[in-house]
Each structure stands twice: as structure tokens, then as C-alpha cells.
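Reading through the C-alpha cells given below for one structure.
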There are 2 protein chains.
Amino acid sequence: MKKSQSSKEKILRVALKEFAAYGFGGARVERIARQAGVNKAMIFYYYSSKQNLYRIIIKNSLLELIPKIQEAIAVSKSPEQFFENLPKVYIQYFVKNQAVMRMIGFELIQDPGNITSVVRDIFTNIPESPPDLLKNKISIWYQKGLISEPDPVHLILNIIPLCIFSILGKPMVEAILDIKIKNNIDFIDKRINSISNLLKKGMLK
Amino acid sequence: MKKSQSSKEKILRVALKEFAAYGFGGARVERIARQAGVNKAMIFYYYSSKQNLYRIIIKNSLLELIPKIQEAIAVSKSPEQFFENLPKVYIQYFVKNQAVMRMIGFELIQDPGNITSVVRDIFTNIPESPPDLLKNKISIWYQKGLISEPDPVHLILNIIPLCIFSILGKPMVEAILDIKIKNNIDFIDKRINSISNLLKKGMLK
DNA sequence: ACCTATATTAACCAGACAGTTAAACTAACT
DNA sequence: AGTTAGTTTAACTGTCTGGTTAATATAGGT
């Protein structure tokens, strides 16, 4: 029973790319099967439905990302460090896992209720919940007069968008300004830097 | 020939919502027809294909947004004003036209090449191109030592994401922090404020 | 060798899909 | 009343889709 394991996992890997490329509606089960080198029926044998396969992939992806964020929060002893660590972790993860980012993006646009329920589900079953950790840090930092934004909602909404859209929005900005960004590694480095600087100058007191 | 006009336009209005809700692949031509109170064949009669209908809607939407941005840039005599005006224009437009935002989001994720070609197409046929206006302002402001970010790419990528994701990411942040934002008008006001403050503190010298 | 549980396949299905067609309707103009 | 051009419709088509099924293959345990 070794080949089965590889088939089961290969379906996940291939399906992630398929969903990211075409969205749920546009994704084709048969294309996933073909690219995974597996009979179409195997997908239903292992994952019972297209919807279910989709949900499992989203959950897996989030479970992979969360510990990285958890650590970035934990190691940040000051808001300066926090504003440097978090964008770095987010951007580097999403650059390496663009398919994940695209799938999450799709979900947020199409059916926010679905992904948010997955998120809630994950966080209620985690011992040291990263959101709680974050809330505590923010409130302590604000009380100490270190940061200017006391509301965790707006603090988060001032960070995450900058990271995700940096990658997603790149082609758009290239089109708007009518330029071509050649060196992607340089661009990403510059992006992380620009975001960290903006956050430090903009939200530290 | 009066009813035809209203049918033709109603298809556009309904299709915008359909595409925003389900993405291109998930959108159903027949559902558009039914909701527009029109025979399905009418959609092909007026717009020849689903793809073409999609492109026309995207283009129309951008053509509606661009003048607003153009004006926000033009009236901003200082970077302070710019960092206040642009987020306000973006967020207020996207709050009122969430379907447009979702469609653009879909495109950016699924087929960036498509929407970017539409953008290029629009901007090359506009006399006072807003990107050029923006590039000039930024370079002048930087030379005068008023702003800290000389690169228009990163300046834009520090602004637009904050606006778009503020609306799109709201349910996600609610799920992460396990809260419910009740008053949406207050939230949007606070969001515009928080972004303007971040940009002013973070990017002015 | 036989049993059993898991893995895999080809062939199939009913419904849905984008797109077509040809005929009929409408209303303005002559 | 007849012509014309733009609208609208019902009925259709060929293809594709997610999902099913029943038969078969595999391999480990007895």
C-alpha cells in the first residue's frame, strides 16, 4: 500500500495548483486526475467530492502557514521587531506558495463564509492561539506607549494587505505604470523593506 | 427600440454581480439571463460570447473608476492631501461597487494578463494619463524632500492594497480575532483614517 | 493457496453547459 | 398596408461535467 499514499498526496498537490489557477468553478476534476496520473474515480474514492477536496486543501494550507506566523509573533520582543518579522514571514511564505495565496484569495472573494469558518475551526482547536497572543502584545505595547494603533483589527488590516497584495498586485502595477519589473528577488527584498519601514515609521510612537 | 436598450444594460448590471459572485468559470449565462428577465440568446445577440461580456464589464468598470482617481491626484497639492484623498476615493468607490472590486480581484488571481492588457489599453488612449501625472508628482515631491519613498511602484503598492483589502479582508480578520464588526459605516471611516495616518506618518519626511 | 481489505480502472450516466438557429414579434417609416 | 431593421423567443445541439458503478488488480496475513 505504498503507491496509494503517493496517489492520494499527488492528488492534493495537483489539485492545489488547479484550484489556484482556475478557481473552484473553473477547476476540472478530470484535469486534476490526468495531471496527477490517476484515474478520475480515485479522486472521489479518496476525497468523496470536489467540494470536500477543496476544503481539505484550504485547511492543510492554513495549518502550514499558521505556525510560521505563531513563531514570528513569539520571537518579536518589541514592536520594531514585529513590524520587521511579520511582513517577512508572510511575503516569503506567499512567494513560495503562490497557489495557496490564490486559493485563499478566491475564497475571500467568492465565499468568505467558507474560509472564515475553516479559520475559526482551526483557531479554536489550537492551544496557544496566535490571535490571542497578538491581542495581548498589542494591548501591552499600546499601554507602554510604543505603538500608535490600539485596535488589533486596524493594525492587522494595516499589515496583511501590504504583504499579500505585494505579490498579487505586481502585474497590475506593472500595467498601470507601463513598466516591467525584471529582477523578482530584488523586488521582493525591496518590497519587504518598504513595508517594514512604512509600518515602523507609521505605527511606532 | 426602447426596451432593447434596457435589456442590453440590464444584462450588464446583472452579469457584473454574477461574475463577482462566482468568478468567470462559475458564472452561468443562463442564470444571468433569468435574473435579467431576458432570453439567454439575447446575451449572445448583444455580446457574442461569455468571454466578451466579461471583458466589456471589466473595461466599463475601470473607465468609471479612473476619472475619480485622476481627480484625486489632480486636486492634491501636497503629499499630505494625496495620502488623505486617494484612500478615501478608493475605499468609497469599492464599498459602493463591491462587485467591481471582486471582479478585478478574480482577474488578478486567475488571469492577470487579461486585466492588465485592458488597463494598458485604457491608459494608452487617455490624454492626461493618471499614471504619468502620478509619476511626475512623486518625483517632484521626492526631490523637494517631502516624501521618503521615491519609487512609484512601491509607493502605489503601499497604498492600493490597504484600500482594497480593507473591504475584502474584513470577514477574514473578524474570523481570526473572533469578533464581529457591527457598525460598517464607522468601520469604514476608521479604516480610511487609520490608512491615511499610516501613510502620512510612514511616508512623509 | 486462499482470503480480505485496499487500490485502480474503463465504461458509463444524467444533467448542465455555452452557443445556434430559424421563426416570430415590434415599431417606426414609406 | 407593406417594408425594413432591430428584438425576442422556444427549441435545439454537441460537448463537457461531476459523479457512479461494477469489475479487476494488488499485496499482506493466514
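Hydrogens, waters and symmetry mates are skipped; everything else that's a heavy atom, side chains included, is used. Here is the naming used below: chain letters follow the sequence lines, and residue numbers restart at 1 for every chain.
Salt bridge present: B/E174 and B/K180 bring a charged side-chain N and a carboxylate O closer than 4.0 Å.
For the pair A/N39 CG and D/dT21 C1', the computed distance is 12 Å after rounding to whole Å. The distance from atom NZ of B/K40 to atom P of D/dC12 is 14 Å, rounded to the nearest whole Å. Separating the OH atom of B/Y47 from the P atom of C/dT20 is a distance of 17 Å, rounded to the nearest angstrom. Regarding A/K50, its NZ atom lies at a distance of 14 Å from the P atom of D/dT20, rounded to whole Å. Atom-to-atom, OH of B/Y45 to P of C/dG19 comes out at 18 Å; the value is rounded to the nearest Å. For the pair A/I43 CD1 and D/dG19 C1', the interatomic distance rounds to 11 Å; values are reported in whole Å. Atom CE of B/M42 is separated from atom C1' of D/dA10 by 14 Å (rounded to the nearest Å). At whole-Å resolution of the value, CD in A/Q51 and C1' in D/dT17 are 15 Å apart.
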Strictly under 3.5 Å: I want the nitrogen or oxygen pairs between protein and nucleotides 21-23 of chain C, one per line.
none

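Shown here for B/P130 and B/Q70, the closest heavy-atom pair between the two residues is CD-NE2, 3.9 Å. What you find for A/K190 and B/H154 is that their closest heavy atoms are CG-NE2, 3.0 Å.
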Pair up each side-chain donor or acceptor in residues 85-96 of chain A with any protein partner under 3.5 Å, not counting sequence neighbours, and list the distances.
| residue | atom | partner | partner atom | Å |
| --- | --- | --- | --- | --- |
| A/N85 | ND2 | A/S76 | OG | 3.0 |
| A/N85 | ND2 | A/Q81 | O | 3.3 |
| A/Y93 | OH | A/S61 | O | 3.4 |

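More than 12 heavy atoms of other residues, nucleotides or ligands lie within 6.0 Å of NZ in A/K201, so this atom counts as buried by the packing criterion.
Cation-pi geometry between A/R55 and A/Y47 is not met: the NZ or CZ atom fails to fall both under 6.0 Å from the ring centre and inside 45° of the normal.
The distance from atom CZ of B/F187 to atom NZ of B/K170, rounded to the nearest 0.5 Å, is 6.0 Å.
Look at A/S7 and you'll find a side-chain N or O under 4.0 angstrom from OP1 or OP2 of C/dT8.
Of the residues in residues 25-38 of chain B, B/A27, B/R28, B/V29 come within less than 4.0 Å of DNA chain C through at least one heavy atom, sorted by number.
One N or O on the side chain of B/T124 and one on the backbone of B/D121 form a donor-acceptor pair closer than 3.5 Å.
Annotation: B/F19 is in aromatic contact with B/Y54 [ring centroid separation under 6.0 Å].
Of all nucleotides listed (D/dT8, C/dT20, D/dG18), C/dT20 comes nearest to the side chain of B/F44.
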